[in-house]
Amino acid sequence: PGCLCSILLLDTEGRHLQQGAAPSLPDFYNRAIDGIAIGDGVGSCGTAAYRKERIIVADIQQHPYWQPYRELAAQAGLGACWSQPFTGRNGRVLGTFAIYHQAPTTPTAAEISLIEDYASLACLAVERQRTEHALQQSQEQYRLIAENSVEQKIRALQREKSSLAAAVIQEKSVAEEDRPLKHLCR
């Protein structure tokens with residue numbers, strides 16, 4: 001109760017976090033952190049993604065990771081942020097799942113378990129979406145290859161047909177040229 005959540009996704013270069021989902025956070029806050037570079041001491045999520053470990057910041061206004069973002073967090077009414085990175089099957093960080101509270105607070109063991117579970121669910125959703133996207137791209141490439149192959153076969157048949165037609169015409173011309181000499185062959 002009273003918590004806000006976000007999912008940030010690591011970009012393809014593995015350097016910046018981009019907004020995945022954060023409907024309960026203010027739009028101005030989401031815009032401000034979208035594209036933030038990951039690194040040691042870069043807020044809760046930037047640090048979690050960089051270190052590949054959970055980061056608990058119980059009091060944003062007092063924590064050094066949040067020093068550059070304190071005013072932004074205060075405007076958004078954020079007092080605490082707990083961030084859990086999630087990794088894909090290949091071990092690479094895909095993003096972070098974060099729980100924010102309006103007042104400074106430390107998570108209980110049950111809340112730690114929840115953030116781990118939610119991060120796992122976020123990971124499954126992201127991997128599924130990426131797998132579906134890769135499948136769609138693969139299907140599109142196959143379709144293009146198949147269409148190109150059919151077009152090439154049609155062109156080859158047309159060339160073959162043209163060659164055959166030319167051969168028939170040439171044979172007919174040769175036959176017509178030989179006709180005057182046929183009476184000699186009898």
Applying side-chain contact (heavy atoms from CB on, under 4.5 Å) to Leu94 and Cys123, what does each step give before you reach the verdict? CA-CA 7 Å; Leu94 298 177; Cys123 182; 4.0 Å; yes
What's the spacing between Ile55 CD1 and Tyr50 OH if we round to 0.5 Å? 12.0 Å
Between Gln75 (side chain) and Leu72 (backbone), is there a donor-acceptor pair under 3.5 Å? no
Side-chain heavy-atom pair Arg54, Ile115 within 4.5 angstrom cut-off: yes
Kindly indicate, with the supporting measurements, whether the criterion side-chain contact (heavy atoms from CB on, under 4.5 Å) is fulfilled by Trp66 and Cys81. CA-CA 10 Å; Trp66 280 83; Cys81 180; 3.7 Å; yes
Distance-only, no hydrogens or angles: does the Thr96 side chain make a donor-acceptor pair with backbone N or O of Cys45 under 3.5 Å? no
So how far is it from Leu17 CG to Ile7 CD1, rounded to the nearest 0.5 Å? 12.5 Å
For a quick test of reading the model, state the closest non-hydrogen atom pair linking Ile112 to Ile56 and the distance between them. CD1-CD1, 3.9 Å
Which donor-acceptor pairs under 3.5 Å do side chains of residues 33-40 form with protein atoms, sequence neighbours excluded?
from: Asp34; atom 1: OD1; to: Gln19; atom 2: N; distance (Å): 2.7
from: Asp40; atom 1: OD1; to: Arg51; atom 2: NE; distance (Å): 2.6
from: Asp40; atom 1: OD1; to: Arg51; atom 2: NH2; distance (Å): 2.8

Taking the side chain as everything from C-beta on, heavy atoms only, tell me whether Phe86 gets closer than 4.5 Å to Val126. yes
What distance separates Ile99 CD1 from Ser44 OG, expressed to the nearest 0.5 Å? 11.5 Å
Nearest 0.5 Å, please: how far is CD in Gln139 from CG in Leu135? 4.0 Å
Taking Lys52 for its side chain and Arg92 for its backbone only, find out whether a donor-acceptor pair lies under 3.5 Å. no
Are the side chain of Asp59 and the backbone N or O of Ala80 linked by a donor-acceptor pair below 3.5 Å? no
Should we count OH of Tyr65 as having more than 12 external heavy atoms under 6.0 Å? yes
Between the side chains of Thr106 and Trp82, is a donor N or O closer than 3.5 angstrom to an acceptor N or O? no
Check the hydrophobic clustering (I, L, V, M, F, W, Y; side-chain heavy atoms under 4.5 Å; chains of links allowed) and say if Phe97 and Leu9 are grouped together. yes
Decide whether Arg70 and Gln61 meet the rule of one side-chain donor and one side-chain acceptor closer than 3.5 Å. no
Tyr69 vs Val42, side-chain contact (heavy atoms from CB on, under 4.5 Å): CA-CA, chis, key distance, verdict: CA-CA 9 Å; Tyr69 315 105; Val42 181; 3.3 Å; yes
For atom CD of Glu71, is the number of surrounding heavy atoms from other residues, nucleotides or ligands below 6.0 Å larger than 12? no
Using the rule that two of Ile, Leu, Val, Met, Phe, Trp, Tyr join whenever any of their side-chain heavy atoms come within less than 4.5 Å, decide whether Leu8 and Leu121 are in one cluster. no
Check whether any side-chain N or O of Glu127 sits under 3.5 Å from a backbone N or O of Arg89 as a donor-acceptor pair, and report yes or no. yes
Check step by step if side-chain contact (heavy atoms from CB on, under 4.5 Å) holds for Tyr100 and Cys3. CA-CA 6 Å; Tyr100 296 84; Cys3 66; over 6 Å; no
Judged by atom type as modelled, is there a donor-acceptor pair below 3.5 Å linking the side chain of His101 to the main-chain atoms of Ala103? no
